[in-house]
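What follows is a short report on a single structure.
Just so it is clear, the values below take in all heavy atoms, side chains as well, and ignore hydrogens, waters and symmetry mates. Ligands are counted one by one from 1 in listed order, and the atoms in each one are counted from 1 as well.
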Amino acid sequence: MRGRCGGTSDAARAAFYALFSLQHRGQESAGLASADGRGVRVHKGLGLVSRAFSEADVEALTGGLAIGHARYSTTGEPSLRNAQPFYVETMHGPLALAHNGNLVNAAELRRAMLERGVGLASSSDTEVMVMMLAAARGDSWPERIASCMRSWRGAFSFVVLTRDAAYAARDPWGFRPLCAARLPGGGSAAASESCALLTLGCAAVYDVGPGRVVELSPDGPVDRGGVDAEPSASCVFEYVYFSRPDSVWNGVPVHEARKRFGAALALESPADADLVIAVPDSSISAAIGYAQASGLPYDEGFAKSRYIGRTFIQPTQALRDQGVALKFNAMPAAVRGRRVVVVDDSIVRGTTTGPLVRLLREAGAAEVHVRIACPPIRYPCYMGVDMGPADGLVARRLSVEEIREAVGADSLAYLSLDGMTRALAEAGGGAGFGFCSACFSGDYPIDVGGAAGKNGFEVI
Ligand code: AMP
């Protein structure tokens with residue numbers, strides 16, 4: 001971001017607030033870099049934004065330009081050496097970069113770089129990006145950014161900070177969201193999700209187009225070129241789970257998309273039941289949609305410890321298992337003696353659903369009908385969602401009936417891919433809106449053959 005926000009000219013403070021609105025996207029580490037026309041300063045720390053920064057850390061990041069990042073690892077372990085933004089000195093001055101996504105050709109690019117004698121200090125694909133940018137040819141940063149974008153394949157929404165400019169750019173397929181806006185006090189900002197720009201008081205938020213490079217200028221975002229767009233492949237899982245419900249992407253409000261997923265699920269797979277509950281927070285919109293379409297009352301069936309973090313962001317299975325038990329209590333007053341429909345947004349590894357069904361039964365639910373507001377996930381994502389390796393995906397190993405049995409539900413149904421596609425179109429994803437649903441269908445929009453896997457660059 002560039003410019004004033006909330007009465008302060010420190011861009012880092014505004015970026016810091018924006019990171020809180022993006023905390024759901026990554027909780028492993030957080031970082032900020034600021035620039036004041038002469039140099040670039042960086043601070044990074046492990047864990048939540050609130051843990052990674054003290055007041056003094058933010059205070060020290062002076063200057064009218066800043067970029068920030070909250071990390072959820074898709075390539076490279078969740079350690080400090082992989083935290084972002086990455087920072088290097090280049091022949092054109094200091095350079096910092098923060099990246100949302102995952103390059104599928106990082107292994108090939110990394111090998112070529114190491115063979116040329118370039119040393120690397122992390123196991124992240126993002127460091128490969130920053131080192132390529134440092135060495136890129138071109139007369140300006142936008143030219144150098146575009147020239148690198150031609151070599152990168154995969155998902156890369158990213159921001160770049162130099163000593164006197166900030167840029168935001170998006171891969172030509174538009175896998176991950178990236179939006180920009182003019183700041184109310186002057187200047188511009190870009191973020192992965194519109195909710196963060198609303199936090200900063202921005203009004204006219206727009207999507208950065210696939211392949212575009214945008215400068216965050218003092219007068220608002222300005223297009224500075226880019227590369228040709230490919231057929232659009234917006235990640236459908238952003239609508240299923242990842243994005244915050246108050247974000248809007250491709251003109252589709254996430255809450256609205258989820259409600260329509262729930263409504264479509266109710267029509268496809270009704271249940272003879274007394275009430276509908278959600279697994280907070282990510283399935284609340286879908287559960288409301290299911291309840292409205294089925295005419296069943298919606299109630300709160302679980303209380304959630306909201307400060308423990310998203311279970312999937314815990315990187316090991318042992319931590320994830322513990323996370324489920326520590327995170328939810330069922331509410332007997334709501335579910336005792338009732339036939340309950342529990343709507344969840346997705347089943348990935350299958351760790352969460354079984355314990356949730358057990359909690360409901362222990363709380364006295366007479367029947368538990370599980371409804372999942374997306375199709376079975378059978379294929380791993382290489383474009384920025386860590387679903388783990390293919391053999392960890394429960395729907396790849398087991399049929400729907402076998403999963404029902406394993407989780408102990410009275411019935412289990414998923415939304416169909418057709419139902420989801422129709423719901424997205426109804427929610428506003430009209431002409432020119434193409435999405436990637438490879439996690440459900442296995443139809444990857446790009447060749448993912450060379451993808452390295454999450455820990456492909458670990459040394460030990
Ligand atoms: P599980 O099936 O135990 O892996 O957990 C699935 C639940 O975690 C879903 O209901 C989602 O709320 C959430 N989740 C979403 N995306 C992921 C992901 N990439 N990996 C694991 N869990 C996820």
Side-chain angles (χ1 to χ4, degrees), residues 24-28 71-75 78 100-102 155 175-176 235-245 254 258 261-262 265 277-287 290 301-302 304-306 308-328 341-360 368 370-398 400 402-404 406-409 412-415 436-440 453-454:
H24 59 286
R25 299 189 69 86
Q27 305 177 345
E28 292 172 3
R71 179 164 190 252
Y72 147 69
S73 52
T74 53
T75 300
N100 171 22
N102 199 46
F175 282 114
R176 300 275 135 228
C235 168
V236 78
F237 207 66
E238 290 281 347
Y239 295 104
V240 171
Y241 171 75
F242 221 100
S243 289
R244 229 168 73 159
V254 172
R258 288 183 187 159
F261 293 165
L265 183 58
I277 65 168
V279 182
D281 293 306
S282 47
S283 74
I284 290 174
S285 307
Y290 191 101
F302 289 110
K304 178 182 171 187
S305 299
R306 290 209 154 77
I308 199 158
R310 283 187 157 190
T311 51
F312 87 93
I313 292 171
Q314 301 296 339
T316 69
Q317 191 61 40
L319 282 171
R320 268 195 297 271
D321 289 346
Q322 200 189 4
V324 175
L326 293 173
K327 206 162 145 183
F328 297 102
V341 176
V342 54
V343 177
D344 204 353
D345 55 88
S346 57
I347 297 180
V348 183
R349 300 167 182 95
T351 316
T352 316
T353 318
L356 290 176
V357 172
R358 241 187 340 271
L359 285 174
L360 290 171
V368 179
V370 176
R371 294 292 179 270
I372 303 298
C374 76
I377 296 173
R378 299 203 171 96
Y379 303 90
C381 177
Y382 301 101
M383 278 78 72
V385 177
D386 176 23
M387 290 169 169
D391 56 8
L393 300 171
V394 67
R396 198 178 173 94
R397 296 192 312 270
L398 304 181
V400 174
E402 286 166 336
I403 298 172
R404 183 202 64 74
V407 303
L412 167 67
Y414 289 84
L415 178 61
C436 172
S437 52
C439 51
F440 309 127
K454 180 170 172 179

Item to complete: Just jot down the ligand 1 atoms closer than 4.0 angstrom to any heavy atom of Asp344, in number order.
Response: 10 (O)
Practice prompt. For atom 2 (O) of ligand 1, state which one of Ser346, Ala395, Gly350 supplies the nearest heavy atom.
Written response: Gly350
Discussion item. Tell me if a side-chain donor or acceptor on Ser437 pairs with a main-chain N or O of Val236 at a distance below 3.5 Å.
Written reply: no
Discussion item. Contact between Ser346 and Ile377 at the side-chain level, heavy atoms closer than 4.5 Å - yes or no?
Written reply: yes
Worksheet item: Nearest non-hydrogen atom to atom 8 (O) of ligand 1 belongs to which of Thr353, Thr352, Leu393?
Response: Thr352
Worksheet entry | Where ligand 1 meets Ser282 - atom numbers and elements under 4.0 angstrom, heavy-atom basis | 12 (O)
Item to complete: Using a strict cut-off of 4.0 Å, indicate which atoms of ligand 1 neighbour a heavy atom of Asp345.
Response: 9 (C), 10 (O), 11 (C), 12 (O)
Worksheet item: Where is the tightest heavy-atom contact between Ser243 and Glu238, given as atom of each residue plus distance?
Response: OG-OE1, 2.6 Å
Item to complete: Could you list which atoms of ligand 1 come closer than 4.0 Å to a heavy atom of Val385?
Response: 19 (N)
Worksheet item: Quick one: does Phe242 get within less than 4.0 Å of ligand 1, heavy atoms only?
Response: no
Worksheet, complete the sentence: What one should report as the nearest heavy-atom pair of Met383 and Asn102 is C-CB, 4.1 Å
Worksheet, complete the sentence: The residue among Lys327, Arg306, Arg244, Arg258 that forms salt bridge (charged side-chain N to carboxylate O under 4.0 Å, His left out) with Asp281 is Arg306
Practice prompt. Report yes if the distance between the aromatic ring centroids of Phe440 and Tyr414 is under 6.0 Å, otherwise no.
Written response: no
Practice prompt. Ignoring hydrogens and angles, tell me if any N or O in the side chain of Arg404 forms a donor-acceptor pair with the backbone of Ala409 under 3.5 Å.
Written response: yes
Fill in: Heavy-atom pair of closest approach, residues Ala155 and Arg176
CB-CG, 4.0 Å
Worksheet, complete the sentence: For Thr351, the ligand 1 atoms with a heavy-atom partner under 4.0 Å come out as 1 (P), 2 (O), 3 (O)
Worksheet entry | Part of Asp386 with heavy atoms under 4.0 Å of ligand 1, whether side chain, backbone, both or neither | backbone
Worksheet item: Atoms of ligand 1 less than 4.0 Å from Ile347 heavy atoms?
Response: 2 (O)
Response to the item:
Min over Val348, Thr74, Ile403 of heavy-atom distance to atom 17 (C) of ligand 1 lands on Val348
